[in-house]
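Presented below is the structure to which this report refers.
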Amino acid sequence: MTFNIKTCFFVLASMLFLSCSVEDADSPSPQEFFVKYYGDLVEQEAVDLIINSNGNYVMFGTRQADNPADGKDYYFVEADEFGNLIRENSWNYTASEFIGIEETTPQYAISSTDQVASKIKPVEGGYLIIGTVAFMNATFVPQQERLYTARLDESFNKLQGAELDLWAFDITKTDKDSLEANANESWNVGGKDIIQLEDNSVVFVGYSDALDSSNTNDETGTFGREMLIGNYTLNANETPKKIWRKTLGHNNSDDEAIFISRTPKNEYMVIGSALNRVGKGGATGANISTFLLNGIGNISNNSPTYGISGVDRNTSKTGASISGFDDVPFNVYQDNGGFTIVGTSSLGANEYAFMLKIGDGANLLSSGIIHTDFSARTSNADDNLPESNVRGYGVTRALDGNYVVVGQIEDYRENIGDASESSFSDQMLYINVDQQSGSIENSARQFGIQNGSDKAVDVVTTADGKIAILATADIGGSAKMFSLVKMNAKGELSR
Amino acid sequence: MKQKFILFFVFSLVSYLMYAQCTQKLNQAEDDYEGGRLLGIPESLKQCLDAGSFSKEEAKRAKRLLTLVYIFTDDEQKSERALIELLKADPEHPLDPQVDPREFYFLYNQFRVEPIFRVGVKAGVNFSQVKVITSHSFGDLNSNYAKYYNGNTPGVGQSVAVNVDGEGNRTESVLPIIDGTGLGFFGELTIERYFSNGIELAFGGQYRTSSYTAGVYTNNSELETTIVHNQSYLRTPLIVRYNFRYKEAVNTVKIIPYVQFGASADFLLSSKYSSATRNGGTSYNLTDGDTKARGITNNFNYSYFAGIGLKYRVATHFITIEARYNTSRINLINGDNRLSAFPEAFDLSYVEDDLSLDFVSFSIGWTHSIYKPQKIKDYR
């Protein structure tokens, strides 16, 4: 009996020990590690990131169709707050819907279409998307671009009839529905941003090629690419109807709109770029163009154009200031203080991220080149190597009032001592910028795949004060994936 | 050469004659003891004992006889010394109630006859099993492409069927992933002390190697990462062991089953990826995989274990075979550095889970008893 009692005791004691669960007070909860890849081993290009009404991340971009000959599809990913995939969808605005151009100009012989993603916006019951559809010939050379917009359900499927494509002949038709004399079906039209109005109609912006002053819809343009803005109905089971449509731009420049929003005064703020056409006079290089429009798209008085000035990092030791950057905006963040624009300024082969803030009246608040602490130099004495180029693609405001700019650092190199370096190719970039558009010292972070051309394209501030970044991660072999990275407010990758 | 042979022959002959003579003396002494003629016995045995002319068994008989003689001649000091000599020659000398007088029992019980400690040496294999505390992944934690350890994989052509239809649509069917175990080895040196009622304690050091292989498919079967993570630990096991029928076994059975449990403070000596590879896209191999130097792993852990085993008595020593289950109690991975010290995570599409390692181990060992017979002091 003694034997049995002792045996039972030790067996029970052993079971008790082994049944204890592993506990570690310091172990992180699942959401604290947050780097995710989405997609397959094909080329996917991330573009836009939003948080929908369910608190889920919605990512928008493009992906190579399973059959490469079919071109690129729009690609949608929805992930929960932990990054777990909820749904994904992809589809193509099929080439058959472009048959009209082949009837007009058979030599185009459209073979496939490439979708170009621009923005996705949450609306009740689903989403609005806008982008461009480029259709290609048999050798994948784009023959024409069309603005494309559609209303989607929550599963990213198009609502029947709620889609619109605009091409050059649409834009160049006069009020009498006849074509401009110089209209050309190969002119490109593209979509960049869209908002929904209270009456469920949509206002979009983008660009349209080669209008001239004889076009009665072209208020300011004289040749060159023009900003396009239009107000259309876009509802399921209805044919979209034009309410009004305008083109905007500067003389002798190629203009593109990338952003539209409403100001507190219910004006439309349209932000884009104006690229001086060589030999046509006008402003130097590319600049940031703003337009304030009234409710039917007419220009208000104040429509300034801004350029970025700064210090060339390669001549910074002499303090030489430079001008003549080509400033191309890429993204705009709107808050109570106005509009914060990020993009890339370039001067020759050198590229710099910039941030520019304007008020609701398009008045300049601040602007500046964003300097990182990164250098391609392997030592301080090695001045011959240029610093890495930096491109700004996305911006959000952190809870501390400063801004987070994301983008890409080109050919990032890390000094690993003894004048040797470790090359990381193009990396995703995070940097904090203060409210005066000045980069905050030691805040820049780079991360990504060592040998891939990665870039962070958009950023949002989450409800818990963290920073979620959408990026394209290049894993090589023509495979690029969506990557969603969550950081803390200090720009540190979550564990 | 011939002379050497003759010398050897002569030496052997003399030794044999002396041995035969001592055996005869021992037999005579035992007869004298039975006959009550005690006084001449010590003198007759002394020369043979001093010369080492008894065989081992004869020496034990002689020393036992001397102990009895001194007991019955009331020479307490000499009887104690004789008993110590007996116990040195025959540790844990078994008493026979049919033969040994009560006086011998009385004296015997005043002495420490058990070993003062034992030295145990074990070597064996262990099979590690990863216990995931919290899972982390570059892919979808809820997908079919979960991380798996040491197991069968849903590798292409094995468990995943990839089908692409005429329109280029792709479907995959994935079979369940089965985790397995990783192989490692260990060696252990312990100092053991028996107390009473079958209970003994052991404490010592252990060197243990272990490994686990992690496999990850990120989103699809074509983007595959395989990591082989090796660790070595210096461990300090403290063991409480219960031996069944320990006392009876001294005289009757040779096999002693036991159960044990214990705890150990574990110090990480090394930790590294012996291989880390991602396939899919442009393949990537990590060359610098020292996870300890990077601080990706925690350097300290502690663990509990329980085991069962058998001791097979060889004289006063034991051959042991043993099975243990060991569970580590602290996350092997340092979450603070999991990513910050591991930028290659992006390249590998891999990040460590929070995990601990459990082990099933099997060992064979030798336990050597160390004796120092001594009269137990009376503190009354």
Side-chain angles (χ1 to χ4, degrees), chain A residues 3 6-7 9-11 13-15 17-18 20-24 26-30 32-41 65-70 79-80 82-86 424 427-428 446-452 454 473-481 483 485 492-495, chain B residues 131 133-143 164-165 167-170 197-198 218-220 222-223 240 242 244-245 259-261 263 278 280-284 298 304-308 325 327-331 333-340 343-347 349 351 354-356 358:
Chain A
F3 171 84
K6 287 181 177 175
T7 304
F9 168 77
F10 283 108
V11 169
S14 301
M15 291 174 65
F17 268 103
L18 297 178
C20 296
S21 62
V22 174
E23 291 180 3
D24 176 16
D26 296 327
S27 63
S29 51
E32 289 185 300
F33 170 82
F34 204 123
V35 182
K36 296 292 179 185
Y37 290 158
Y38 303 96
D40 293 321
L41 286 187
D66 289 328
N67 182 356
D70 291 340
D80 66 17
F82 305 114
N84 294 317
L85 183 70
I86 294 176
F424 285 80
Q427 293 266 283
M428 308 170 197
Q446 50 69 226
F447 47 95
I449 293 174
Q450 189 165 344
N451 296 316
D454 310 317
D474 181 2
I475 64 170
S478 300
K480 295 182 177 180
M481 304 179 80
S483 180
V485 180
E492 297 165 335
L493 287 167
S494 296
R495 316 193 273 180
Chain B
K131 282 180 72 175
I133 304 167
T134 309
S135 189
H136 302 288
S137 174
F138 275 70
D140 185 358
L141 290 171
N142 296 331
S143 78
V164 180
D165 64 19
E167 298 179 351
N169 298 317
R170 173 196 176 90
N197 297 321
T218 305
N219 300 345
N220 60 73
E222 294 169 333
L223 186 56
V240 179
Y242 176 75
F244 294 99
R245 298 182 299 167
V259 296
Q260 64 181 18
F261 59 90
R278 187 207 76 217
T282 301
S283 296
Y284 180 84
N298 285 314
Y304 300 139
F305 55 87
I308 57 173
Y325 187 83
T327 177
S328 304
R329 310 309 299 167
I330 292 179
N331 188 354
I333 303 303
N334 178 0
D336 288 335
N337 294 339
R338 178 201 338 266
L339 193 56
S340 60
E344 297 90 344
F346 283 89
D347 300 88
S349 185
V351 65
D354 293 309
L355 57 87
S356 65
D358 286 2

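Lettering follows sequence order; numbering is per chain, from 1.
The backbone N or O of A:Gln450 sits less than 3.5 Å from a side-chain atom of B:Asp347, completing a donor-acceptor pair. Checked by atom type and distance alone, the side chain of A:Lys36 pairs as donor or acceptor with a backbone atom of B:Gly139 at under 3.5 Å.
Rounding to the nearest 0.5 Å places CD1 of A:Ile449 at 12.0 Å from CD of B:Glu344. B:Thr218 contributes atom OG1, which lies 11.5 Å from atom CG of A:Asp40 (distance to the nearest 0.5 angstrom). A distance of 7.5 Å separates CG of A:Leu85 from CG of B:Asn219, quoted to the nearest 0.5 Å.
Residue-environment remark: CD1 (A:Ile86) exceeds the threshold of 12 foreign heavy atoms within 6.0 Å.
The shortest side-chain heavy-atom distance between A:Ile475 and B:Thr282 does not fall under the 4.5 Å cut-off.
Here B:Gly281 is the residue among B:Gly281, B:Ser349, B:Ser283 with the most heavy-atom pairs under 4.5 Å with chain A. In terms of non-hydrogen atom pairs under 4.5 Å with chain B, the most contact-rich of A:Asn451, A:Leu41, A:Asp474 is A:Leu41.
Applying the ring-ring contact (aromatic ring centres under 6.0 Å, His included) criterion to A:Phe447, with sequence neighbours excluded, gives B:Phe346. In terms of the side-chain contact (heavy atoms from CB on, under 4.5 Å) criterion, residue partners of B:Ala263 (sequence neighbours excluded) are, by chain and number, B:Tyr304.
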